[in-house]
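The shown structure was predicted, so the numbers you read here are calculated from the model rather than taken from an experiment.
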Amino acid sequence: METESEPYVPLTSLRQLHQVMAEMNTARSLADTLQIVADGAVTALGYEMACVNLVRPDGDLVVAAFSGNPAAEALIMGRVGARESWERRLRMGELWGDLVFIPHHEGWVLDEDDVPQWYTEGPAPRFEGEWHPGDRLFAPMYSPGVQGGARGELIGVISVDRPHGGRRPGAWGREALQMYAFQAAIALSNAHLRANMQRALVRLERDQQALRASEESFRQAFEYAPSGMAIAEMDGDHHQGRILRANDALCRLLGRPAAAMRRYSFADLVHPEDVTTLRRTSPEGGRGELRLARRDGTYVWVSLRNSVVADAADGPRFLLTHVEDIEERKRRELQLAHRASHDSLTGLPNSAELRARLAARLCRRPAQEAGGFDSLDAAYGHPGDADAGHGFDFGPGAEAYDAFDHHVHTVAPEGGHDDGAKGLAVLFCDLDGFKSINDRFGHNAGDAVLIEVARRLSNGVRDGDTVARLGGDEFVILADGLGRADAQDLAGRLRGEIIQPIRAEGRAVRVGASFGIGWAHCGMTADEVLKSADERMYVEKRSRPKQHRRAG
């Protein structure tokens with residue numbers, strides 16, 4: 001820009017300045033804006049060289065753009081000056097408005113600081129106002145402040161050197177450089193905002209892509225998981241609500257299409273006996289084993305494992321439930337439990353199961369003699385006592401009283417005659433002549449006899465009665481709700497079934513049976529009841545002639 005005649009400014013210079021400012025505000029990137037600022041100081045303001053020093057996040061200033069001298073640009077581009085050094089320069093110079101001028105005869109004190117510089121030595125000025133190569137002129141750039149308030153933070157400094165004409169800028173040149181720095185600061189602030197916005201948009205897009213990839217991974221993992229999975233609403237009690245989505249494995253397991261699954265909650269599908277288990281399954285990492293209904297009306301054993309799908313804004317909203325088919329394991333467990341409680345030869349309940357069923361009907365002391373809840377521990381023993389198996393296994397706390405409240409008190413018929421009273425009859429059966437079959441025909445024949453006797457006893461009793469093998473050739477029948485005549489009639493009918501010929505090892509054999517009838521009532525232990533029936537059986541056996549004990 002011309003400096004010889006300050007009042008006269010060529011129109012072309014103004015047009016150049018206006019064009020540069022327009023380009024600063026339309027640049028596509030921060031780097032482009034910085035270079036336009038440097039180039040504009042040369043082309044529009046009339047300096048041979050210009051440098052833009054930009055404040056970094058750590059506060060130091062880096063040479064971010066240079067124009068006018070390729071050699072000087074290669075020397076200092078990208079170099080960093082400490083913030084303290086820059087602040088010292090801006091404090092010590094002559095203030096030309098917002099500009100800072102440090103003449104060559106004062107700048108020697110700055111020779112040792114770390115601010116990048118390119119000036120060279122030269123002869124002393126020949127006339128007043130002549131520019132010296134050691135002169136320094138800085139135009140600080142501040143971020144736009146609050147309207148009507150103080151200027152903002154320092155964002156950079158424009159350094160210029162060697163104005164055209166070789167003279168220090170006059171009033172117009174100073175005003176133009178100051179105005180240029182102000183507009184450059186606005187352009188750089190806007191470029192910063194655009195760059196930050198672009199980075200934010202890139203991060204957002206990257207996050208969205210990662211989210212979409214994560215959602216797709218979850219969808220594939222959910223849909224193609226080998227075991228069942230479901231997403232369900234959480235109801236007000238933080239339990240499983242309506243099923244929102246079920247994967248293919250769960251639909252196949254329950255025989256229900258995905259559209260139909262959305263009409264149900266797990267509470268609608270669970271076996272009635274397992275509703276409590278479902279309710280007790282915690283939504284956060286909870287596990288439970290229960291039965292779910294298939295479409296054909298059958299039930300399948302499953303293991304449920306929950307986890308919460310949280311919403312950052314509104315808190316937990318959904319439950320992700322993993323459903324594993326454990327039907328085969330449950331079947332094996334039931335088989336093992338059956339083997340533990342049943343005789344392996346006949347399939348009847350064994351001695352331990354017999355005692356457990358009998359003990360479940362007996363309390364340790366008649367209810368009318370137990371002095372209310374306060375005397376329960378004394379009357380029935382503390383839960384976990386060594387002989388607790390002979391009475392109720394109450395378990396901890398109030399469940400003991402609940403079990404007692406629902407106990408049906410067992411009372412035996414009184415006297416030796418039939419007075420119409422009903423009770424729990426215990427028929428102790430001992431086979432007559434069984435040992436001779438084992439001795440004569442071998443144990444395979446003996447086993448065949450035991451199996452057939454077990455079948456005949458089971459067919460001869462009512463549904464709900466228990467036929468158990470106590471051991472060897474001894475069997476016990478528990479028949480509830482019988483009077484004395486009923487029990488004797490039952491024993492007679494069963495004896496009549498047993499003495500019929502039995503096919504064993506290709507031959508017909510016969511065994512007899514002796515029955516002793518005992519009566520269970522509360523106040524007795526299971527062993528006491530069995531011992532009473534056993535003693536009556538031996539009385540009955542001794543009272544019959546030997547030839548009548550078996551038929552062949």
[atom1]/[X] to [atom2]/[Y] distance, rounded to the nearest 0.5 angstrom?
X: Asn247; Y: Ser227; atom1: CG; atom2: OG; result: 7.5 Å
X: Met197; Y: Leu204; atom1: CE; atom2: CG; result: 12.0 Å
X: Leu99; Y: Leu177; atom1: CG; atom2: CG; result: 4.5 Å
X: Arg245; Y: Arg219; atom1: CZ; atom2: CZ; result: 7.0 Å
X: Asp39; Y: Leu45; atom1: CG; atom2: CG; result: 12.0 Å
X: Leu54; Y: Ile155; atom1: CG; atom2: CD1; result: 7.5 Å

Side-chain donor or acceptor of [X] paired with backbone N/O of [Y] under 3.5 Å:
X: Arg174; Y: Pro169; value: yes
X: Asn350; Y: Ala340; value: yes
X: Asn53; Y: Leu61; value: no
X: Gln35; Y: Phe66; value: yes
X: Asp343; Y: Pro349; value: no
X: Asn190; Y: Ala187; value: no

[X] [atom1]: over 12 foreign heavy atoms closer than 6.0 Å:
X: His105; atom1: NE2; value: yes
X: Phe127; atom1: CZ; value: yes
X: Phe182; atom1: CZ; value: no
X: Arg294; atom1: CZ; value: yes
X: Glu153; atom1: CD; value: no
X: Arg212; atom1: CZ; value: yes
X: Gln335; atom1: CD; value: yes

Side-chain heavy atoms of [X] within contact of [Y], under 4.5 Å:
X: Val52; Y: Met141; value: yes
X: Thr277; Y: Glu289; value: no
X: Val20; Y: Gln183; value: no
X: Arg256; Y: Arg263; value: no
X: Asp60; Y: Trp86; value: no
X: Met21; Y: Met179; value: yes
X: Leu290; Y: Val302; value: yes
X: Ile243; Y: Asp268; value: no

**OP:** Assign the ring pair Phe101 / Trp96 to parallel, tilted or perpendicular, where the plane angle (0 to 90°) is split at 30° and 60°.
**Re:**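 Ring orientation, 0 to 90° scale: parallel.
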Subject >> Given Phe266, Tyr299, Trp301, the one that forms side-chain contact (heavy atoms from CB on, under 4.5 Å) with Leu292 >> reply: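 Output: one option passes, namely Phe266.
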**OP:** May I have the step-by-step check of side chain to side chain contact (heavy atoms under 4.5 Å, CB included) for Leu319 and Ile231, ending in yes or no?
**Re:** CA-CA 6 Å; Leu319 280 181; Ile231 298 176; over 6 Å; no
Salt bridge flag under 4.0 Å for residues [X] and [Y]:
X: Glu106; Y: Arg136; result: no
X: Arg168; Y: Asp135; result: yes
X: Arg331; Y: Glu328; result: yes
X: Arg329; Y: Glu333; result: yes

Using a distance-only test with no angle check, is there a side-chain donor-acceptor pair under 3.5 angstrom linking [X] and [Y]?
X: Asp32; Y: Ser29; answer: yes
X: Arg89; Y: Ser85; answer: no
X: Trp131; Y: Asp161; answer: yes

Of all heavy-atom pairs between [X] and [Y], which one has the smallest distance, and what is that distance?
X: Ile36; Y: Met24; result: CG2-CG, 3.5 Å
X: Pro116; Y: Arg79; result: CG-CB, 3.7 Å
X: Pro140; Y: Asp98; result: CD-O, 3.1 Å
X: Ala185; Y: Tyr142; result: CB-O, 3.1 Å
X: Gly93; Y: Ile102; result: CA-CG1, 3.7 Å
X: Ala221; Y: Met229; result: O-SD, 4.3 Å

Subject >> CA sep, side-chain torsions, deciding dist, call: Arg83, Asp58, side chain to side chain contact (heavy atoms under 4.5 Å, CB included) >> reply: CA-CA 9 Å; Arg83 179 65 174 262; Asp58 62 2; over 6 Å; no
**OP:** Just do the side chain to side chain contact (heavy atoms under 4.5 Å, CB included) check on Leu336 and Arg339 with the steps written out, would you?
**Re:** CA-CA 5 Å; Leu336 290 175; Arg339 290 174 186 173; 4.2 Å; yes
